[in-house]
S.K.: 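I have a structure I would like to understand better, so I am pasting it below and will then ask my questions one at a time.
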Amino acid sequence: LLHPPFHLKFINQVISSRAPIHGEALHEGRRFRVSLYPVTIRNGSVTSVLMFEHDVTQEREVIDEKLRLAMLDAANDAIIIFDLDGHIIYWNKGAERQYGWKQDDVRGKLIHSLLKTVFPSPFEGITDRLFRTGRWEGELRQTTRAGVGITVMSHWALQYGARNVPDVILETTRDITYRKQAEEQLRAASLYARSLIEASLDPLVTINAGKNNRGKKAKGGGEGCGC
């Protein structure tokens, strides 16, 4: 049964409205669906109320889980959930588009072996930071089903289960290959332009120096003739 304050709350609503009330309430971590009906009305007042309670905790959890999965599938980014050993548990539609595998093809497989992940630093250091702070982010090199190498920005978040013990890792990745290529092309163009400028400075300095020397010599000769 629900805690008495919840009883009183719904009963008072029925008494004041003289109409059935339907609602949900939480009690000690469980969710209840409550229905109350005025069954006796005398002189315009409700004198008795019939109440039904139904524990819908599990039902709501199933609905909430479906909603969460639907929201994850609607995301543009690739979202992957894997256990602490690296076995894939969940793979959203964004991951299907980014990597080319369907969820049924990858469930249970080792994520880093599947994607041939190349880490920016030793894997032990990455997992150490993840377990110390609960998060990690960085750029990874991975390979799609078609064999194409891509660069992704990856965000890891440690997820906790019963008794606040970590049990899975939620990873979000976004393909930044084209952005990295554009940055590299811009850097190469900048270095090339700088090399051209630096190569052209030496002769210009030499010419300017030569002109200054000739001018000084001519001026000196004129003064000598006048003496």
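Excluded from the calculations below are hydrogen atoms, water molecules and symmetry mates; all remaining heavy atoms, backbone and side chain alike, are included. Numbering of residues begins at 1 and proceeds along the displayed sequence.
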S.K.: When you measure from the side chain of Ser113 to the backbone N and O of Lys109, does any donor-acceptor pair fall under 3.5 Å?
M.R.: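 No, because the side chain of Ser113 does not come within donor-acceptor range (under 3.5 Å) of the backbone of Lys109.
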S.K.: Once you round to the nearest 0.5 Å, how far does CD1 of Ile126 lie from CG of Asp128?
M.R.: 11.0 Å
S.K.: Answer with yes or no whether the side chains of Ser154 and Glu139 bring together a donor and an acceptor at under 3.5 Å.
M.R.: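 Side chains of Glu139 and Ser154: no pair found under 3.5 Å.
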S.K.: Looking at Gly94, is its backbone amide N or carbonyl O close enough to the side chain of Asn92 to form a donor-acceptor pair, meaning the two atoms are under 3.5 Å apart?
M.R.: yes
S.K.: If we ignore angles and hydrogens, is there a donor and acceptor under 3.5 Å between the side chains of Gln98 and Thr144?
M.R.: no
S.K.: State, with a plain yes or no, whether a side-chain heavy atom of Phe82 is found less than 4.5 Å away from one of Val168.
M.R.: no
S.K.: Applying a strict under-4.5 Å side-chain criterion to I, L, V, M, F, W and Y, I'd like to know whether Trp156 and Phe131 cluster together.
M.R.: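 Yes, because Trp156 and Phe131 connect within a single hydrophobic cluster, where side-chain heavy atoms sit under 4.5 Å apart.
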S.K.: How close do Trp91 and Gln103 get, counting heavy atoms only, and between which atoms?
M.R.: N-OE1, 3.2 Å
S.K.: Can you hop from Val148 to Leu114 via hydrophobic side chains spaced under 4.5 Å?
M.R.: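 In one cluster with Val148: Leu114, yes.
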S.K.: How long is the gap from OH on Tyr99 to OG1 on Thr143, to the nearest 0.5 Å?
M.R.: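 That separation rounds to 10.0 Å.
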S.K.: Could you go through Phe119 and Leu140, starting from their C-alpha distance and side-chain angles, then the distance that decides it, and tell me whether this counts as side-chain contact (heavy atoms from CB on, under 4.5 Å)?
M.R.: CA-CA 5 Å; Phe119 296 95; Leu140 303 175; 3.6 Å; yes
S.K.: I'd like to check Ile111 versus Ile80 (side-chain heavy atoms, cut-off strictly below 4.5 Å). Are they in contact?
M.R.: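 Result yes, sub-4.5 Å side-chain heavy-atom pair found.
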S.K.: Nearest 0.5 Å please: distance from the CD1 atom of Ile88 over to the CD1 atom of Ile81.
M.R.: 11.5 Å
S.K.: Are Trp136 and His155 packed together at the side-chain level, in the sense that at least one heavy-atom pair is separated by less than 4.5 angstrom?
M.R.: no
S.K.: Hey, could you give me the CG/CG distance between Leu158 and Leu84, rounded to the nearest 0.5 Å?
M.R.: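 One gets 6.5 Å once the value is rounded to the nearest 0.5 Å.
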S.K.: When rounded to the nearest 0.5 angstrom, what is the spacing between CD1 in Ile150 and OG1 in Thr173?
M.R.: 7.0 Å
S.K.: So, the side chain of Thr151 versus the backbone of Arg141: is there a donor-acceptor pair under 3.5 Å, distance only?
M.R.: no
S.K.: Could you pull out the closest heavy-atom pair between Arg107 and Ile89, with the gap in Å?
M.R.: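 Scanning both residues completely, I find the closest heavy atoms to be NE-O, 3.8 Å.
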S.K.: Quick check: closest heavy atoms across Tyr160 and Pro166, and the distance to 0.1 Å?
M.R.: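 Looks like CD2-N, 3.5 Å.
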S.K.: Between Arg135 and Ala157, which heavy-atom pair has the shortest distance, and what is it?
M.R.: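 Minimum heavy-atom contact is NH1-CB, 3.8 Å.
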S.K.: In this structure, are over 12 heavy atoms from other groups packed under 6.0 Å from Asn76 atom CG?
M.R.: no
S.K.: Does Phe123 belong to the same Ile/Leu/Val/Met/Phe/Trp/Tyr cluster as Leu130, with side-chain heavy atoms less than 4.5 Å apart forming each link?
M.R.: yes
S.K.: Starting at CE of Met153, measure out to CZ of Arg174 and round the result to the nearest 0.5 Å.
M.R.: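 That separation rounds to 10.5 Å.
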